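Here the structure is laid out as structure tokens; the discussion comes afterwards.
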Amino acid sequence: MGIEPFKPSDSAAVLQLHEDAFQELDFSSFLWEPCQQIESLEKDCVRHVYRDEAVKGYGAAYSLDETHFRLNLLVGPRHARRGIGSLLLDLIEMEVRKLGGKYLQARLQESMSESLAFALSRGFVFVHRMRGMSLRAEDFSYEKWKPLGERLFEEGFSATTFKDEEEVGNTPLEKLARLQRRAREGWPLPDPTWKLDATTQQAREPFTHISVPERFSIMKFKDEYVGYTSAEDGNGSVGTGVHPLYRGRGVATYLKAFDIQRCIVAGKEYFESASANPAMLKVNEKLGYKFNELTEVRFVKYL
């Protein structure tokens, strides 16, 4: 027995490996969950299991583009430190190279120290930490940020929503796409080998699934879009972006406060955010967010 190609009938055994590996980590109460090594089960990709009477390990890699692949690797806790992970990883890397892959990404939960040590020992390079934060409505005060909003409005800024912009015919999707191409400048990249340049369609994509437009907030300077954010879960993980020429002026802080307040008025009581950007983490802390012990550590390996 040893490494075998993954079969659909192996899914239950892999899910059991996942349950065994993550049983001490309760993600069920959180909206954002760090990578748990099983999203590849739903993909047509390179997949193998290590079998010895039962499935004891699972390895997979799926394509992100022509040269970048994402790794999933699971070994049952009772079968760790027996070389199973190394055998699976060796095979996965070989097959990814055959497919033209040059970079293999790994995302691991920070509290799983043995997994982190294994990644580093196998040549993966640390990129950054994506840290989760939580906010409850009772810990937030909009009144605290009203003076900042008043100062920004005096300078020519105004806060509005996707819905309001759409209703007056301001084509918010196109303007947000233009803003997105600038707002990405300086963001921590999950893989430094990825290029920042985005096509117009890629820049539009985050804003094409906004199901609650009245709780998608936009900051304008005169007629120019300079920031966006949304704490509404129904709008997807759009995050927060600010044009680089308008950073450091409180735009992100006030716009997020404006947006959170609209959500609270609508009945929302709990918020989450995740970021690798130190500046955004500080903004969240000022608004009342607290770190929730969910941290995804991101790595890349040059094949």
Side-chain angles (χ1 to χ4, degrees), residues 18 21-39 64 70-73 105-120 124-141 144-145 180 183-194 196 206 217 227-233 235-242 244 247-248 250-257 259-260 263 268-301:
H18 166 267
F22 288 85
Q23 60 184 341
E24 296 181 3
L25 303 172
D26 180 16
F27 293 138
S28 61
S29 59
F30 296 100
L31 303 173
W32 177 68
E33 299 179 357
C35 179
Q36 297 176 48
Q37 313 303 318
I38 54 172
E39 74 272 14
L64 301 169
R70 181 77 48 74
L71 174 70
N72 281 176
L73 190 63
Q105 298 178 2
R107 297 187 172 186
L108 304 171
Q109 169 64 22
E110 185 180 48
S111 62
M112 303 178 76
S113 57
E114 289 191 8
S115 297
L116 301 180
F118 174 78
L120 291 170
F124 283 85
V125 178
F126 169 78
V127 178
H128 65 220
R129 287 175 170 81
M130 190 80 168
R131 302 194 66 186
M133 306 183 78
S134 299
L135 171 69
R136 300 195 179 278
E138 61 264 28
D139 296 325
F140 172 75
S141 170
K144 179 180 179 179
W145 302 107
Q180 177 74 342
R184 287 164 56 99
E185 295 177 18
W187 283 8
L189 295 176
D191 181 340
T193 67
W194 267 344
L196 263 179
S217 300
Y228 66 80
T229 193
S230 181
E232 171 57 53
D233 305 333
N235 288 333
S237 302
V238 295
T240 301
V242 175
R247 292 173 184 164
V251 170
T253 302
Y254 179 73
L255 186 60
K256 285 175 73 75
D259 184 70
I260 290 167
C263 289
K268 190 174 174 66
E269 299 179 348
Y270 174 76
F271 305 85
E272 280 187 21
S273 179
S275 179
N277 188 333
M280 190 54 61
L281 294 174
K282 288 180 180 178
V283 167
N284 288 340
E285 282 192 284
K286 288 192 294 185
L287 293 169
Y289 281 87
K290 294 180 175 61
F291 292 105
N292 57 24
E293 299 185 0
L294 294 185
T295 299
E296 180 182 85
V297 186
R298 297 178 172 182
F299 297 88
V300 64
K301 183 172 184 176

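Because the structure is a prediction, the values reported are computed rather than measured.
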Exercise. Any side-chain heavy atom of Phe124 within less than 4.5 Å of one from Gln105?
Worked result: no
OH (Tyr270) and CZ (Phe30) are apart, to the nearest 0.5 Å, by 5.5 Å
Rounded to the nearest 0.5 Å, the SG atom of Cys263 sits from the NZ atom of Lys256 at a distance of 10.5 Å
Residues Trp187 and Arg247: closest non-hydrogen pair is NE1-NH2, 4.0 Å
Problem set entry | Beyond-backbone contact of Leu135 with Ser273, side-chain heavy atoms, under 4.5 angstrom | no
Looking only at heavy atoms, the pair that brings Trp145 and Tyr254 closest together is O-CD1, 3.4 Å
- Within a strict 4.5 Å, meaning less than it, do heavy atoms of the Lys290 and Asp139 side chains meet? yes
Self-check item: Any donor-acceptor N/O pair, Arg136 side chain to Glu269 backbone, under 3.5 Å
Solution: no
From the list Asn277, Thr253, Thr240, side-chain contact (heavy atoms from CB on, under 4.5 Å) with Val283 holds only for Thr253
For Arg129, the salt bridge (Lys or Arg N to Asp or Glu O under 4.0 Å) test, sequence neighbours excluded, returns Glu110
CG of Leu255 to OH of Tyr228, rounded to nearest 0.5 Å, is 11.0 Å
Item to check | CD/Glu293: more than 12 non-hydrogen atoms of other groups inside 6.0 Å | outcome: no
Should the pair Asp233-Lys268 be classified as a salt bridge under the 4.0 Å nitrogen-to-oxygen rule? yes
Residues Glu185 and Pro244: closest non-hydrogen pair is OE1-CG, 3.6 Å
| field | Short side-chain to backbone donor-acceptor contact, Glu272 and Asn292, under 3.5 Å | value | no
Interatomic distance, NZ@Lys282 vs OG@Ser275, rounded to 0.5 Å, equals 12.5 Å
Q.
Is there a side-chain contact between Gln36 and Gln109 in this structure, where contact means two heavy atoms from C-beta onward sitting under 4.5 Å apart?
A. no
Taken in chain and number order and not counting sequence neighbours, the residues that satisfy ring pair (Phe, Tyr, Trp, His ring centres under 6.0 Å) with Phe271 are none
Note: Pro206 and Gln180 closest approach over all heavy atoms is CG-NE2, 3.9 Å
Kindly indicate whether the side chain of Phe291, heavy atoms from C-beta on, has any atom under 4.5 Å from the side chain of Ser134. no
Beyond-backbone contact of Leu116 with Phe126, side-chain heavy atoms, under 4.5 angstrom: no
| task | Would you check if Leu108 and Glu296 make a side-chain contact, meaning some heavy-atom pair closer than 4.5 Å? | result | no
CD (Glu33) and CD (Glu39) are apart, to the nearest 0.5 Å, by 11.5 Å
The ring pair (Phe, Tyr, Trp, His ring centres under 6.0 Å) partners of His18 (sequence neighbours excluded) come to Phe22
- Could you tell me whether a side-chain N or O of Asn284 sits under 3.5 Å from a main-chain N or O of Tyr289, the two making a donor and an acceptor? no
Separation between OG1 (Thr229) and CD1 (Ile260), nearest 0.5 Å, reads 7.5 Å
All heavy atoms of Ser230 vs all of Val238, minimum pair found to be CB-CG2, 3.8 Å
Looking only at heavy atoms, the pair that brings Lys144 and Lys286 closest together is NZ-O, 3.7 Å
Sub-4.5 Å side-chain heavy-atom contact between Phe299 and Leu71: no
